[in-house]
Amino acid sequence: MPKDAEKMEKIVALCKRRGFIFQSSEIYGGINGFWDYGPLGVELKRNIKEAWWQDMVRNPPTGPDGREVQMVGVDCSIIMNPKVWVASGHATGFADPMVDCKTEGCKGRFRADQIAESQCPLKPSKCPGEHDKCQLTEARQFNLMFESHAGAIKDDANKVWLRPETAQGIFANFKNVCDSTRVKIPFGIAQVGKAFRNEINPRNYTFRSREFEQMEIEFFCHDRDAMKWWEWWRDVRINWYKSLGLAGENLKPRNQDDKELAHYSKACTDIEYYFPFADEPQELEGVAHRGCFDLTQHQQHSGKDMTYFDDETKERFLPTVIEPSAGADRSTLAFICEAYTVDPSRPSPELMKFHPRLAPIKAAVFPLVNKDGLPEIAEPLFREIRKRWPAQYDAKQSIGKRYARMDEAGTPYCFTVDGQTKQDGTVTVRDRDTGAQERMDKSRVVDFLNDKLS
Ligand code: GAP
């Protein structure tokens with residue numbers, strides 16, 4: 001059992017209790033590998049995706065040569081022409097080795113390369129194949145793409161796949177983007193969206209799901225500059241996680257060795273994180289040098305010219321691609337695990353120390369008591385705040401319980417209207433992380449939040 005398994009159980013319980021993450025279709029017993037985000041979770045995940053889009057697409061850091069970095073976005077369809085997946089290699093190569101157990105009452109299916117970490121459904125203390133009753137088949141390749149049919153007739157001619165990654169929509173639109181915008185190489189195309197993989201063993205909460213979201217960039221450059229851009233993107237991506245709170249020992253970039261690298265790749269760093277459910281760090285994102293593999297494949301299979309013409313150097317070439325490919329759900333889970341804090345000195349010890357940019361609710365407003373003219377002051381203050389930021393108003397229960405609820409939601413600032421507010425117009429502001437309180441004039445609250453949240 002991983003050393004922090006107990007901590008993970010507490011995080012999962014808090015996520016359900018406070019509405020971050022629910023099991024999909026829970027009232028029908030759930031469905032393995034699918035998850036829903038509740039009212040707090042949806043805000044958190046949106047904030048992560050928006051921070052990524054803002055920091056990578058709209059306002060990326062200055063490039064390695066001190067110049068502005070050109071980035072644009074796309075939002076492509078989930079179902080594409082099946083030839084895309086033949087060209088990308090997914091139709092034949094996107095498979096895991098799988099074994100079945102033929103024993104009556106078991107009929108389990110396991111990843112052949114993860115047998116040692118799997119549990120026998122009949123004897124959970126053993127691995128599949130570890131006791132006499134197991135009848136495991138030879139390993140077979142199992143394609144991870146979900147199939148469907150486009151149109152009324154369910155035959156092979158109408159077979160389609162749900163995309164297993166967002167990247168191919170970007171490659172297929174490379175020419176469209178070049179022709180419809182003024183981007184010049186080097187430039188990047190970004191996309192955030194759903195991807196689907198029929199994982200044999202979905203597990204570790206949302207970490208390995210069958211439906212998930214990716215945040216992907218394909219950065220097109222000249223091959224002679226590719227390693228410089230790869231190093232730059234690797235550092236930009238590591239620093240992005242750090243800037244939002246994944247700092248310190250839990251974040252572990254790891255360079256893939258030659259055996260792990262794809263045949264067309266010169267370098268790849270996996271940005272990994274120590275989740276409480278595993279003793280080894282697990283992948284959040286890969287930053288890969290992909291050579292010109294993808295555009296070459298699409299050029300061959302579509303018969304369309306995918307080359308780029310540089311009108312300054314008069315050179316025509318297939319660009320090399322650097323791909324920072326991140327999981328939105330895995331990032332969300334990492335930010336949740338990092339934020340989870342237990343402070344035994346508090347009456348309600350569990351709190352979520354989200355970075356203010358990511359916090360689902362930015363501020364809460366409380367009247368100390370729900371009478372004596374205090375709601376009449378607190379409600380307009382709340383309305384003023386919610387025009388700009390997600391905020392909550394709470395007048396129920398003791399003030400201590402209200403603070404504790406906001407601590408669990410990760411709300412950085414709580415403003416309380418009390419008797420003194422009626423006399424001098426000041427309110428208290430309480431800091432989530434320290435619990436410290438100070439008074440400020442209520443006319444300063446919006447400026448205070450502006451300062452702290454921007
Ligand atoms: N285009 C490259 C690509 O898709 P990948 O390593 O297969 O690369 C990129 O996926 C990221 O997508 C991973 O680093 C991970 O964060 C996320 N991801 C992949 N499979 C996932 C799954 N089953 N559940 C949740 N996230 C997943």
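Numbering of ligands and ligand atoms starts at 1, following listing order.
- Heavy-atom proximity to E323, at under 4.0 Å, picks out these atoms of ligand 1: 1 (N), 2 (C).
- In this structure, the protein non-hydrogen atom closest to atom 25 (C) of ligand 1 is F207 O, 3.1 Å.
- Ring planes of F275 and F277: parallel class, angle under 30° (limits at 30 and 60°).
- Distance check, rounded to the nearest 0.5 Å: CG of L122 to NZ of K107 gives 11.0 Å.
- Taking the ring axis of F146 as reference, the NZ or CZ atom of R210 does not stay both within 45° of it and closer than 6.0 Å to the ring centre.
- Only the side chain of E199 comes within 4.0 Å of ligand 1, counting heavy atoms alone; its backbone N, CA, C and O stay farther away.
- Considering backbone and side-chain atoms alike, E165 places an N or O below 3.5 Å from some N or O of ligand 1.
- Counting only heavy atoms from C-beta outward, the side chains of R388 and L449 never approach each other to under 4.5 Å.
- Both the backbone and the side chain of S325 come within 4.0 Å of ligand 1, judged by heavy-atom distances.
- In terms of protein heavy atoms, atom 24 (N) of ligand 1 is closest to S209 N, 3.0 Å.
- In terms of polar-atom proximity, defined here as any N/O pair under 3.5 Å, F212 makes no such contact with ligand 1.
- Between F20 and T332 there is no side-chain heavy-atom pair separated by less than 4.5 Å.
- Residues F94 and R197 are in side-chain contact: their nearest non-hydrogen atoms beyond the backbone lie under 4.5 Å apart.
- Within the 4.5 Å cutoff, the side chain of W161 has heavy atoms near those of the P82 side chain.
- Within ligand 1, the atoms closer than 4.0 Å to a non-hydrogen atom of A167 are 1 (N), numbered from 1 in the order shown.
- Per-residue contacts place E216 under 4.0 angstrom from the following atoms of ligand 1 (heavy atoms of the residue considered): 1 (N), 2 (C), 3 (C), 4 (O).
- Under 4.0 Å from ligand 1, the heavy atoms of E285 that appear belong solely to its backbone.
- For atom 10 (O) of ligand 1, the nearest non-hydrogen atom of the protein is Q214 NE2, 3.3 Å.
- Here the shortest heavy-atom distance to atom 20 (N) of ligand 1, taken over R290, R197, E272, belongs to R197.
- By the 4.0 Å N-to-carboxylate-O rule, E350 lies too far from K10 to be salt-bridged with it.
- Cation-pi geometry between R203 and Y205 is not met: the NZ or CZ atom fails to fall both under 6.0 Å from the ring centre and inside 45° of the normal.
- Within ligand 1, the atoms closer than 4.0 Å to a non-hydrogen atom of E283 are 6 (O), 13 (C), 14 (O), numbered from 1 in the order shown.
- At a heavy-atom cutoff of 4.0 Å, ligand 1 is contacted by the backbone of L284 but not by its side chain.
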